[in-house]
Protein chains: 2
Amino acid sequence: MSKKKQVTFADIAEYTNFSKTTISRYFNHPDSLTLENQEKISQALDTLGYKKNKLAKVLANGKSEFIGIIVPNLYLHYYSEMLTQFLSSYRDYHYKFLVFVSEHGAEEEQQYIEELLSYQIEGLIVLSHTLPSEKLASYQIPVIAIEREAEHISSVNTDNYMGALQATSLLIRDKCDILIHINVNVNKSAPAYDRIWAFQATCEEYHVPYDIDLSVKGASYHELLDVIREIFNKIESKYPDQKKGIFLANDTYANMFLNLIFQKYGTFPSTYEIVGFDNSPIASKAILPITTIGQQIDVIAKTAMDLLVQQMEEQKKRVPKPLGEPIHKQITPILIRRNTTE
Amino acid sequence: MSKKKQVTFADIAEYTNFSKTTISRYFNHPDSLTLENQEKISQALDTLGYKKNKLAKVLANGKSEFIGIIVPNLYLHYYSEMLTQFLSSYRDYHYKFLVFVSEHGAEEEQQYIEELLSYQIEGLIVLSHTLPSEKLASYQIPVIAIEREAEHISSVNTDNYMGALQATSLLIRDKCDILIHINVNVNKSAPAYDRIWAFQATCEEYHVPYDIDLSVKGASYHELLDVIREIFNKIESKYPDQKKGIFLANDTYANMFLNLIFQKYGTFPSTYEIVGFDNSPIASKAILPITTIGQQIDVIAKTAMDLLVQQMEEQKKRVPKPLGEPIHKQITPILIRRNTTE
DNA sequence: TTGTAGGCGTTATCAT
DNA sequence: ATGATAACGCCTACAA
């Protein structure tokens, strides 16, 4: 007889001579019971060893308190930090998160979403970029996109333009002779394209010579490093005696570049300034702490949650508005000055 | 009337003139239907736009397919990689994960576990170390501990002894004059204590001079760096011309140490060898790729899942065995030779 | 191969 | 302030 069933409201009710309804009220509207009876029930709960069953509750009232999250991976600090922020929001919002890592294309991702829906998630947070926002919008639940295409759904993004503007301005203020931006060949529809655009616009506005190198590519660290090395060598020979202000697309590239400089010179020469992007751990652990643009991941996550919660609340009303126009928010990143700039 | 209810088995049944039972069978025992009727139902499903409700299914059959995970944080690569591995295991095992980040002590952690239990989780994976294993065992569900105290519950750990043995042996083989191990003052009951023990034992076995410095401490990166710098200076003055083999407790420390060397000498002198632990990203991104001991996180996660699944299956039987004696597994880490050793 | 009836544990709607 | 009863959507004997 080790198949001991759960203790249920029925058991409590029987034990206390109340009805199941009253037990339910004890949890959801305790004020409607006399203090005396509350106490009586409270007693019964732990003599019988009651444990609640939220699944039954969800089935009955339809509020799962589940949010689905789809991340491309957790290898990148950006994603794991973002996930941390969402998971930590439990303390404030009490939503639980069902997390899927999607790295095998659109079909897999759709399956995950179906699975999530079958658990009655109330909302969805998407950091992956395989499904078009049109498809995501079609699921008819609140969706927030983060740092991805989001034409048909609400989104929260870093203000990439402002970030790149800050980086570029710093290099100009520090009187670099030539400014160079190093990046992959970003798609123009991706939010991150603004970094390139802002760099260029700022350089032109201040009439500073600049160069943009979008030749970075590679799947592995080593492939990337090889490309960065080539770029480094090119820069070295092309601008030998000038003060070079290098703005790289992220801290990983920046760190590679810094290492190449350090390996060649054994120190960080005053003819270089380097600014990265992301404020990832590598930026502070580098041989010289790297100046970088810090995405405010906590703010982004908070903003996304607020947006999502608002939409989810709306959906719970008896006559919910039909999700309306997507809302797009931008979060300004902050310049973190460290040792690769003056 | 936008309060459109879900399409249920009842609707399908009505539409197809079958009973709800037959619809249920279509999903769970399709073989028991004629192909013709399967087709008929299949049609009905998508003309009516059916979406399954797994919560109802769970309530009815008791199998939630949920596993709870408690991690201390995701900031450390070790944890986020571990979480990735578990989340990715969905493809093979089809268990869903409810993840909590616990960083505010035992009380909070207990609340999380209660919450997890209320969602009828079938098993629990614990990476945090605030609750004693005795407490965890008392919840009467399958629990796997990872890299933590686990007297009363099953566990999977890195074979820290073997890892440290490999590191130490390498330094001896490379004919270092003096071996030095740098670590925090690890608690003797923690699995990681074996690293210290193995280092010492191996040095003594091979009659090699050694030193153990357990003075590392600090909450922030900067505090740690200050301590490591002190240790570095001490070593520099104490063993000026000898070949020093440094084995550090993790790659973060190793990277700090390497940076200090590089900053002082502008290069990596042949009087040093360095071995880290963890194979974290910093080890390969360092100014010189660091030789390290790689924990086989994928293997650990796989082993943990196998163990857990086995125990969960047992619990689903009509007469489950009462969880029995805890099983402890050790996974041997691997030496990853890079540029800070010969 | 298919159907009937009851149950999973909670909440919601009326009553009283 | 408290109850009776019917959902919620699915599963599982037991029957036929």
Side-chain angles (χ1 to χ4, degrees), chain A residues 3-41 44-45 48-66 115 117-122 316-318, chain B residues 3-41 44-45 48-66 115 117-122 316-318:
Chain A
K3 196 84 180 179
K4 42 189 155 192
K5 337 197 80 169
Q6 297 184 57
V7 179
T8 75
F9 282 10
D11 301 317
I12 317 284
E14 191 181 16
Y15 185 88
T16 57
N17 291 321
F18 287 111
S19 70
K20 293 194 294 178
T21 310
T22 301
I23 311 302
S24 174
R25 274 197 269 266
Y26 169 83
F27 289 104
N28 300 314
H29 308 285
D31 311 337
S32 71
L33 307 201
T34 63
L35 281 174
E36 193 189 336
N37 288 342
Q38 289 187 41
E39 186 53 33
K40 208 178 287 178
I41 294 177
L45 288 178
L48 295 188
Y50 171 76
K51 305 223 181 296
K52 49 174 127 191
N53 184 331
K54 285 232 182 179
L55 293 189
K57 178 169 182 166
V58 172
L59 184 63
N61 75 4
K63 298 165 188 178
S64 69
E65 297 180 341
F66 278 142
E115 179 92 13
L117 291 174
S118 81
Y119 281 102
Q120 314 301 102
I121 54 166
E122 298 182 30
K316 287 187 207 171
K317 290 184 186 163
R318 347 199 36 106
Chain B
K3 196 86 181 178
K4 42 189 154 191
K5 336 199 81 170
Q6 299 184 56
V7 179
T8 74
F9 282 10
D11 300 318
I12 316 284
E14 190 181 17
Y15 184 88
T16 56
N17 291 320
F18 288 111
S19 70
K20 293 196 292 177
T21 311
T22 301
I23 311 303
S24 173
R25 275 197 269 266
Y26 169 82
F27 288 103
N28 301 314
H29 308 284
D31 312 337
S32 70
L33 308 201
T34 63
L35 281 174
E36 193 189 335
N37 289 341
Q38 290 187 41
E39 186 53 31
K40 207 178 287 177
I41 294 177
L45 288 180
L48 295 188
Y50 172 75
K51 305 225 181 294
K52 50 176 125 185
N53 184 330
K54 285 233 184 180
L55 293 188
K57 177 169 183 166
V58 172
L59 185 62
N61 75 5
K63 297 167 187 175
S64 70
E65 297 180 341
F66 278 142
E115 179 92 11
L117 290 174
S118 81
Y119 280 101
Q120 314 302 101
I121 54 166
E122 297 181 33
K316 287 187 206 171
K317 292 184 185 163
R318 348 202 33 107

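Chain identifiers are assigned alphabetically (A, B, ...) following the order of the sequence lines, protein sequences preceding nucleic acid strands; residue numbering begins at 1 within each chain. For the numbers below, each heavy atom of this structure counts, side chains included, while hydrogens, waters and symmetry mates do not.
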Handout entry: Nucleotide dG9(D), atom C1' - distance to NZ of Lys54(B) in whole Å
Key = 14 Å
Fill in the blank from the handout: One should read off an interatomic distance between Thr8(A) OG1 and Glu14(A) CD, to the nearest 0.5 angstrom, of 9.0 Å
Handout entry: side-chain N/O Asn61(B) vs dC10(D) OP1/OP2, d < 4.0 Å
Key = no
Handout entry: Rounded interatomic separation in angstrom, taking CG from Leu55(A) and P from dT10(C)
Key = 10 Å
Completion exercise
Whole-Å distance, Phe27(B) CZ to dC11(D) C1', equals 13 Å
Exercise for the section: Looking only at side-chain atoms of Ser19(B), point me to the closest of dC11(D), dG3(D), dG3(C). Expected result: dG3(C)
Problem - Protein-nucleotide distance (Asn28(A), atom CG; dT13(C), atom P), rounded to Å - result: 13 Å
Exercise for the section: Classify the nucleic acid contact of Leu33(B) as base, sugar-phosphate or nothing, counting any heavy atom under 4.0 Å across all strands shown. Expected result: sugar-phosphate
Practice task
Would you check if the distance from the ring center of Tyr119(B) to the ring center of Tyr119(A) is below 6.0 Å?
Solution key: no
Problem - 5'-most by nearest nucleotide on DNA chain C - Arg25(B) or Lys20(A) - result: Arg25(B)
Exercise for the section: Respond yes when some side-chain nitrogen or oxygen of Tyr119(A) is under 4.0 Å from OP1 or OP2 of dG9(D), and no when none is. Expected result: no
Problem - Flag side-chain contact, heavy atom, 4.5 Å: Leu45(B) against Phe27(B) - result: yes
Practice task
Taking the side chain as every heavy atom from C-beta outward, state whether Lys57(A) and Glu65(A) have any pair of such atoms under 4.5 Å apart.
Solution key: no
Practice task
Using only side-chain N and O atoms of Thr34(B), determine if any of them is under 4.0 Å from OP1 or OP2 of dT1(C).
Solution key: no
Fill in the blank from the handout: Among the nucleotides dG7(C), dT2(C), dC8(D), whichever has the atom closest to the side chain of Ala60(A) is dC8(D)
Practice task
Take the protein atom CG of Asp31(A) and the nucleotide atom P of dA1(D), then report the distance between them rounded to whole Å.
Solution key: 9 Å
Fill in the blank from the handout: When rounded to the nearest 0.5 Å, the distance separating CG of Asn28(B) from CD1 of Ile23(B) is 12.0 Å
Fill in the blank from the handout: Of dC11(D), dT2(C), dG9(C), the nucleotide closest to the side chain of Thr8(A) is dG9(C)
Exercise for the section: Determine the contact category for Phe18(A): base if any of its heavy atoms lies under 4.0 Å from a base atom, sugar-phosphate if only primed atoms, P, OP1 or OP2 are that close, otherwise nothing. Expected result: sugar-phosphate
Problem - Contact under 4.0 Å: Gln6(B) side-chain N or O vs dG9(D) OP1/OP2 - result: yes
Exercise for the section: Could you tell me whether Asn17(A) contacts a base, only the sugar-phosphate backbone, or nothing, with contacts defined as non-hydrogen atoms closer than 4.0 Å? Expected result: sugar-phosphate
Problem - Ser24(B), nearest nucleotide to its side chain (from dT2(D), dT12(D), dC8(D)) - result: dT12(D)
Practice task
Could you check how far CG of Leu117(A) sits from P of dG9(D), rounded to whole Å?
Solution key: 15 Å
Handout entry: Nearest-Å distance for atom pair NZ/C1', residues Lys63(A) and dA12(C)
Key = 11 Å
Exercise for the section: Check if the side chain of Thr21(A) and the base of dA4(D) share a donor-acceptor pair of N or O atoms closer than 3.5 Å. Expected result: yes
Completion exercise
Testing dT10(C), dT2(C), dC8(C) for proximity to the side chain of Phe9(A), the answer is dT10(C)
Handout entry: Whether Glu122(B) side chain and Ser64(B) backbone form a donor-acceptor pair below 3.5 Å
Key = yes
Fill in the blank from the handout: When rounded to whole Å, the CG to C1' distance for the pair Asn53(B) and dC8(C) reads 13 Å
Problem - Distance below 4.0 Å between Tyr26(B) side-chain N/O and dC11(D) OP1 or OP2 - result: no
Practice task
Report yes if a side-chain nitrogen or oxygen of Asn37(A) is closer than 4.0 Å to either non-bridging phosphate oxygen (OP1 or OP2) of dT2(D); otherwise report no.
Solution key: yes
Practice task
Examine the base of dT2(D) for any acceptor or donor lying under 3.5 Å from a partner atom in the side chain of Ser32(A), and report the outcome as yes or no.
Solution key: no
